[in-house]
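Small disclaimer: the values here were computed from a predicted structure and weren't measured. In the text below, chain A, chain B and the rest are named by the order of the sequence lines, each starting its count at 1.
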2 protein chains.
Amino acid sequence: MKSPAFSRAEPDARRLSLIEACARVLAAAGSAGASVRAIALEAGVSPGLVGHYFGGIDALVAATYAHVDAQVSDALDAAVAAAGAAPRARLEAFVTASFDAPIADRALLATWIAFWSLITARADLARQHDAQYAGYRARLERLLAGCGVPEPDLRRAAIAVTALVDGLWLELCLSPGCFSAEEAGGIARRFLDALISPDR
Amino acid sequence: MKSPAFSRAEPDARRLSLIEACARVLAAAGSAGASVRAIALEAGVSPGLVGHYFGGIDALVAATYAHVDAQVSDALDAAVAAAGAAPRARLEAFVTASFDAPIADRALLATWIAFWSLITARADLARQHDAQYAGYRARLERLLAGCGVPEPDLRRAAIAVTALVDGLWLELCLSPGCFSAEEAGGIARRFLDALISPDR
DNA sequence: TTGCCTGTTGGACGATCGTACAACAACGCG
DNA sequence: CGCGTTGTTGTACGATCGTCCAACAGGCAA
């Protein structure tokens, strides 16, 4: 009547559980507390599995970052899809979704910061960041184009909106009491007004 | 004729040299590489001095963050002072100074990231961040008021400008090849135009 | 049921971490 | 010039880090 000492899992499922445990540990203890042992304990597995599936702790953090980025992308897609067909509504949904759950979240921020702290020392991770940032901006450019932003201004507009949203999102996560998600959304909406209005 | 084994220094001078060495190590090796030994080696002193002056590595990182923040404040003040008396020019100088040396700098970013990664786990450092952020925003509010932004809009405008500047600064440091300081300055100037123009 | 395959365990290993402290030496004072 | 103060050194210490790997056992095929 004794319970099994462990159970096997699909490789992808096991990888995912380790990634999610990594994100939880990063959120709870910060970058310094995210050790192989702490993550394995959180996932309920042996420390050796981290090496078996990812080869090292840095690769696990990078995978966690990629996974979290995919989650953000999915949440943004869902917000855009729920906004209907009007281009402006879709753009606004894309932008303001960053200020609510599940994107404005301490666990996400902790993962982001942990990844940023690795970029300084590792060029390959810098390339991963560049690729993910480029993907975000490309999607924003499409939405802006749909709202009538002319092609020559597209690049600058996308950089500007990305920066504003990132800055608001960052401060919203770092000190949630400073301003509210509604305030952030209002600021972003006004910025889009100025960007899209037919003057100039 | 042998050289002295070591030389004494003013406590403040020694503290400063350790802080500067900490910033250099953070920039070169990232958050994970900033150990007591590495910092002491960079500063050319014994590892024991870190404990003697700061009591621990976390306090040294916090002091480095505070010092770097003061450097940024000084650079911003200098930029504003050099801009003359016109309110709009002063505001613009304050904003665009973030995109050039010495503010747009990998060493600064590395210090910021290392500090952010500690905030998750330590409430006292979160308060230090809130205080420094509030100081930045208060100065920005004064400059915006000088440009005619009405008092009820002041808070929102300052939050918006801070977010935009932070987002541009962050991406400029993380991947310098993505866009230039001139582009960032142009984006920020247009944003100020929209914010200050008498319409609405 | 039996036996093989392999996902999983858990501890060993050397390296490195932050901290503490006794010994040392530079500098100022008498 | 000699002495005391104290800034500074260098190391020892225990803890914890990432990695590695031999042994174990769950699950499937025969």
Measure from the side-chain N and O atoms of [X] to the backbone N and O of [Y], and report whether any donor-acceptor pair falls under 3.5 Å.
{"X": "A/Trp169", "Y": "A/Leu109", "value": "no"}
{"X": "A/Ser35", "Y": "A/Ala38", "value": "yes"}
{"X": "B/Gln128", "Y": "B/Ala62", "value": "yes"}
{"X": "A/Arg106", "Y": "A/Cys173", "value": "yes"}

Qualifying residues under salt bridge (charged side-chain N to carboxylate O under 4.0 Å, His left out), relative to [X], sequence neighbours excluded:
{"X": "B/Asp130", "value": "none"}
{"X": "A/Arg122", "value": "A/Asp58, A/Asp124"}
{"X": "A/Asp77", "value": "A/Arg139"}

Practice problem: May I have the distance from A/Phe6 (atom CZ) to C/dT8 (atom C1'), rounded to whole angstrom? | Solution: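 It works out to 4 Å between those atoms.
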Exercise. Find the distance A/Glu10:CD to C/dG7:P and express it as a whole number of Å.
Key: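 About 10 Å, once rounded to whole Å.
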Tabulate atom names and distances for all N/O pairs under 3.5 angstrom spanning the protein and nucleotides 28-30 of chain D.
none

Quiz prompt | Contacting residues from residues 32-42 of chain B, given that a heavy atom lies under 4.0 angstrom of DNA chain C | solution =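 Residues of residues 32-42 of chain B under 4.0 Å from DNA chain C: B/Ser35, B/Val36, B/Arg37.
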Set of residues satisfying ring-ring contact (aromatic ring centres under 6.0 Å, His included) with respect to [X], sequence neighbours excluded:
{"X": "B/Phe99", "value": "none"}
{"X": "A/Phe94", "value": "A/Tyr136"}
{"X": "A/Phe115", "value": "A/Tyr65"}

Exercise. Could you list by number each residue of residues 46-57 of chain B showing a heavy-atom separation from DNA chain D of less than 4.0 Å, or answer none if no residue does?
Key: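 Contacts with DNA chain D under 4.0 Å: B/Ser46, B/Gly48, B/Leu49, B/His52, B/Tyr53.
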Quiz item: Heavy atom of residues 11-25 of chain B under 4.0 Å from DNA chain D: which residues?
Solution: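 Nucleic-acid contacts, sorted: B/Arg14.
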Please determine if [X] and [Y] form a salt bridge, counting it only when a charged side-chain N lies under 4.0 Å from a carboxylate O.
{"X": "A/Glu183", "Y": "B/Arg155", "result": "yes"}
{"X": "B/Arg156", "Y": "B/Asp153", "result": "yes"}
{"X": "A/Glu92", "Y": "A/Arg88", "result": "yes"}

Quiz prompt | N/O donor-acceptor pair, side chain A/Arg8 with base D/dG27, under 3.5 angstrom | solution =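 In this structure, the two groups form no donor-acceptor pair.
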Quiz item: So do B/Leu49 and B/Phe54 actually touch side chain to side chain, heavy atoms under 4.5 Å?
Solution: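 They are not in contact (no side-chain heavy atoms under 4.5 Å apart), so the answer is no.
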Quiz item: So how far off straight is the helix from C/dT1-D/dA30 to C/dG30-D/dC1, going by the axes through five pairs at either end, to 10°?
Solution: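 About 0°, once rounded to a multiple of 10°.
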Quiz item: How would you list, by chain and number, every residue that makes a side-chain hydrogen bond (donor to acceptor under 3.5 Å, both in side chains) with A/Asp12, sequence neighbours excluded?
Solution: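 Listed in chain order: nothing, the list is empty.
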